[in-house]
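Take a look at the structure set out below.
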4 protein chains.
Amino acid sequence: MVNRRRAPRTDTAPPFRADDGRWQELLEIAARIFARKGYRSTTLQDIADEFGVLKGSLYHYIRSKDDLLFEVVRSVFSTGLDNLRRLAGSEHDPVERLRAVIRGHVLYLIDNLVETTVLLHEFDQLSDERRAEIPIREYQTIIAGLIADAKADGLVKPDVDPQLAALAVLGAANWVYRWFRPGGGRMPEEIANQYADMLVDGMLVRGELRPASGLR
Amino acid sequence: MVNRRRAPRTDTAPPFRADDGRWQELLEIAARIFARKGYRSTTLQDIADEFGVLKGSLYHYIRSKDDLLFEVVRSVFSTGLDNLRRLAGSEHDPVERLRAVIRGHVLYLIDNLVETTVLLHEFDQLSDERRAEIPIREYQTIIAGLIADAKADGLVKPDVDPQLAALAVLGAANWVYRWFRPGGGRMPEEIANQYADMLVDGMLVRGELRPASGLR
Amino acid sequence: MVNRRRAPRTDTAPPFRADDGRWQELLEIAARIFARKGYRSTTLQDIADEFGVLKGSLYHYIRSKDDLLFEVVRSVFSTGLDNLRRLAGSEHDPVERLRAVIRGHVLYLIDNLVETTVLLHEFDQLSDERRAEIPIREYQTIIAGLIADAKADGLVKPDVDPQLAALAVLGAANWVYRWFRPGGGRMPEEIANQYADMLVDGMLVRGELRPASGLR
Amino acid sequence: MVNRRRAPRTDTAPPFRADDGRWQELLEIAARIFARKGYRSTTLQDIADEFGVLKGSLYHYIRSKDDLLFEVVRSVFSTGLDNLRRLAGSEHDPVERLRAVIRGHVLYLIDNLVETTVLLHEFDQLSDERRAEIPIREYQTIIAGLIADAKADGLVKPDVDPQLAALAVLGAANWVYRWFRPGGGRMPEEIANQYADMLVDGMLVRGELRPASGLR
DNA sequence: AATGAATGAGTATTCATTCAT
DNA sequence: AATGAATGAATACTCATTCAT
C-alpha cells in the first residue's frame, strides 16, 4: 500500500498533526468515498459520518475539502512515481525494463486501487495551483523514454512513436481502475503479465519477440 | 460527428421537442461544459448562460439535469456502438476486423471527443436506472468476441485471455479522451493506425505478424 | 431621503433588476438592521426574515452580503457628497458657506440617519477594493477648503489649521449618529444651527463674529 | 497609558488571575485586534495566535469572548472618567476648567488610542447587562455641567444648550479615534489645544474671548 | 497552565427545481 | 417559449466553547 508521508504541508495549516493515525484514517476514508461517488458528489458530511465526528470537526484536520483530494492524490502519485522510477532503473535490458515497468505499474494500481482511482478520475478537480504541483506527465515521460531506448537498440518497430506508444501503454494500464474489482476472479499478477506482454510485444520488431512462455 | 436521433425518449415527457434544432444545440452545449468541468461541477446556470436563456427556462427542454447527461451519453454511446458493430462485421479476416474495429473506435472517439469524454468520464454519475439502460459492456463483448474468433483460428497467442485483451484494447483506446486535443499536432489517423497495429500485433502469434506496411 | 440610483453595478451580477421597488426595499431593510446590530452581527437570515423570503432567495438580488453593505454605503455617501458640494458652492460669503455646509451636513445626516449610521460606523468593514471606490476623504477636503478660503480672507484665526478644524467639524457633526434618535425631543434644525454657529464661531477672529441672533 | 486595575471583577469568576502580567498582555492583544478588525470580526483564534496559545487555552483567562471586550472597555472607561473628573475639578475658572477637560480628554484618547477605539466603536456590542455597568453618559453629564456653570456666570452665549454643546464637544474629540495615527505628523498637544480653543471659543459670548495666546 | 480534539449551532452561499405570469 | 422570483435542501466552512488529559 501507499506509504504516506507526514501530513502537514501548508503554512497556515491547522495547528498540529499530533495524532497521525487519525489523519491517515481520515485520508483513507476520504479516498474511499471519493473513489465510490466522485469528488464533487462526496460531501464532507459523508466523510464526517464515516470518520465519526461532526462535519465541522473535520476542519481540525483539513483546511478545505480540496485539501483532502490533494493529499490523497499527491500521496498515491508520488509513491507511484517512485515505484515507477525504481522499476525503470532495475533491469539491464531496455525491453525487460519496459515489461517490468508495465507490470509494476499495473500491480501498484491494483494494490492501491482506491487511491489510484481518485488520482486518475479526479485529477482535474484539483485547483489549478495544486494540479501544477503534481508532475503528472512524468509517467508518460518515463515510459516513452524506455521505449525510445529500446528503439535506439533496434528492438522496437521503426514506425512506433515512443510518446504515442507510451500513451497507449498508460491508457491500457490506467484503465484497469475502471473495471478491476477485488474478488472479481482476476489475479493481479495475471493482469500485469498479460498487459506487459501484449503491450511490449506489440511494439517490438518481430525477431525480437521473446518466447511468450509460461514461466511467469 | 454523432448523428443524433430523435429527442423524445421517455413516455412521461413534457411537451418537448418542438424545435429540434434548439434541442440539439442545448445537448451540444451541455456536452461541452460537462466535458470541460465535469457533470457535477457544471451548473444549469453555466448551461443556461451559454444557451442564452435563464436557467429556469431550461425546463422547457429537460425534466432534470440528469436528463441532459443521459441524453448526451445515450446518443454518443448508441451511435458509437452501431459504428463498432458495422466495423466488426465488415472484413472477412478476423484479425483485420479487429484492426478495423480499433481504428474505427479511436477515430469515432476523436471525432466525437466532447461527447465521448462525457460518456467515458461521467457514466457513473447517471442514476442507476438510466445507467442500466446503456449496455456499456457491449464494447468489451464485441472486441473480446473478435479476439476469440482470431484465437480460434490460431492467430492469437494461446495464453491471451480475450476478455482481458479486450479490456487492454479498450483502455488504450478510451484513454485517448484524456490527452487528445484537436490541433495538438497529432493526426487522428496516425493515432488510430498505431494503436491498431500495436494492440493487435501484441496479441498475435509471431508468424502471423503482418508486415506493418504503408497501405494505411 | 437618499435618492438612490439604479441597482445593478457589477458585471456578473444576478441577471436583471426588473423589480426596482423590491431592491430598494431590500436596501432599506439591510440598512436598518446593519444600523441596529452592526454589519457583522447581522445575518442574512435577519434580513431575509424581514424581507419575507428565505435567505437563499436574497441571492436573486445580491451577489454577497458585502454587496448590501457597499450599496447602502455608496448610495448615502454619494448623495451626501453631492449635497455637500452643492452647499459649498451656494453662498457668496465663505463663512456663510461654511455655516451652510455644516447645517446641511447635519440635516442630511439626521434625515438619512439609518444609512449614515451604516456609512459612518461600518465603513471599515468593506473589502479593501470597495472601500477604495469611495473617496471618503472628500468631505474633509471640501470643508478644509472652505476654512482655508475664509482664513485667506482674514476671517479665521491665524492659528487654526484648516485640516484639523475640518476634522473637528466633521467629528462633531458625524457624532450625531451616535446619540440622535427621532422623537427624542431635539429638532434637527436646532441641532444643525447650534452646531453651525458653535463650530464656525469657534474658528473666527473675534471681530468677525456675526450677531448670534435668533432668526434661525 | 491606562493604568489598569486588578483583574477580577465578577463574583463567579473561574480560578483566574494567577499571573496578572499575562492577563494584562492578553487584554492588550485583544484590544489591539478589536481596534483593528472590529470585535465581531475578531476571532479568538486571532487573539490566541498572538498570545501564543491555542484558542481553547484562552479559557484559562476568560469565561467568554465578551469578557475581553468588557474588560477592555471598562478599564479604559473608568480610568478615563477618573481623569475627566480630576480635570473638571482642577481649575477655578469654569471656562478654563472646560478647556482643561477638552484638552485632557483628547490627550487621554490619543494616549490610549487602541483602547479608546474599542470603547468608542464597540460599546454597542456589549451585552445589555454589561453595557448597563458602564455609565457612558457621565462624560456628557460632566461636560454639560461645566458648560452650564460657565453659562450661569454669563460667559456662554445664552442660546447655547449645554447638553447639545457637550455632545458637539464630545463628538469632535471622540472622532479623533477615527483619523489619528501615531507618526502621522500631528502632535497630540497641538490637536488638544486647537480643539479646546475652537470648541470653547465657539460657545463663549464675544467679550469673553480670551486672547488665543501661547502659554499652552 | 496548556493541549488538542471535538462540539453544536450557525453562516454565507449554491443550486436544481417550481411556478405564476 | 421564456421570464424572474422564489423555494428548500444542502454545502463548505466558521467559531465560541467544552473537556479529558
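The figures that follow rest on heavy atoms only: side chains count, while hydrogens, waters and symmetry mates do not. Throughout, a chain's letter reflects where its sequence line sits, starting with A, and its residues are numbered from 1.
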Winner on side-chain proximity to D:Leu54, out of F:dA2, E:dA6, E:dG4, is E:dG4

Minimum-distance nucleotide (side-chain atoms of C:Lys65 versus F:dT3, E:dA12, F:dC13):
E:dA12

Does C:Tyr61 have its ring centroid less than 6.0 Å away from the ring centroid of C:Phe51?
yes

Which of F:dT17, E:dA2, F:dA2 is nearest the side chain of D:Lys55? It is F:dT17

Mind checking C:Ser41 for me? I need base, sugar-phosphate or nothing, with any heavy atom below 4.0 Å counting as a touch.
nothing

From the list E:dA2, F:dA2, E:dA6, which nucleotide is the closest neighbour of the side chain of D:Arg22?
E:dA2

Would you kindly give the CG-to-P distance between D:Leu58 and F:dC15, to the nearest whole Å?
14 Å

Quick test of your reading of the model: are D:Arg40 and D:Glu122 salt-bridged, counting only N-O distances below 4.0 Å?
no

Let me know which of C:Arg130, C:Arg131, C:Arg74 forms a salt bridge (charged side-chain N to carboxylate O under 4.0 Å, His left out) with C:Asp66.
C:Arg130

Please state how far atom CG in A:Leu68 lies from atom P in F:dT11, giving the value in whole angstrom units.
16 Å

Interatomic distance where CG belongs to D:Leu69 and C1' belongs to F:dA16 [whole Å]
15 Å

Do B:Leu119 and B:Val72 come close enough that some side-chain heavy atom pair is under 4.5 Å?
no

What's the closest nucleotide to the side chain of B:Tyr59 if the choices are F:dC15, E:dT17, E:dA5?
E:dT17

Closest to the B:Tyr61 side chain, choosing from E:dA1, E:dA6, F:dA2
F:dA2

For D:Ser57, which contact category applies under a 4.0 Å heavy-atom criterion: base, sugar-phosphate, or nothing?
base

Between B:Thr43 and C:Tyr39, just flag the one whose closest nucleotide in DNA chain E comes earlier from the 5' side.
C:Tyr39

To the nearest angstrom, the CD-P distance between B:Gln45 and F:dA6 comes to 16 Å

Counting Watson-Crick and G-U wobble pairs only, both distances under 3.5 Å, name the nucleotide matched with E:dA12, or none.
F:dT11

Side chain of D:Leu44 - closest among E:dT7, F:dT17, F:dA6:
F:dT17

Can you tell me how far P of E:dC15 sits from CG of B:Asp66, to the nearest Å?
17 Å

Answer with yes or no whether the side chains of A:Ser75 and A:Glu115 bring together a donor and an acceptor at under 3.5 Å.
no

Euclidean distance, atom CG of residue A:Asp49 to atom C1' of E:dT7 [Å, nearest integer]:
15 Å

Please give, in whole Å, the distance from F:dT14 C1' to D:Lys37 NZ?
13 Å

Searching all strands shown, indicate the nucleotide that pairs with E:dG4 (Watson-Crick or G-U wobble; both distances under 3.5 Å).
F:dC19

Gap in Å between the two C1' atoms, one belonging to F:dT21 and one to E:dA1, rounded
13 Å

On the ring face of B:Phe70, is B:Lys65 found with NZ or CZ under 6.0 Å from the centre and within 45° of the axis?
no

Sorted by position of nearest nucleotide on DNA chain F, 5' first, the leading residue of B:Gly56 and D:Ser64 is B:Gly56

In whole angstrom, what separates B:His60's NE2 from E:dA20's P?
13 Å

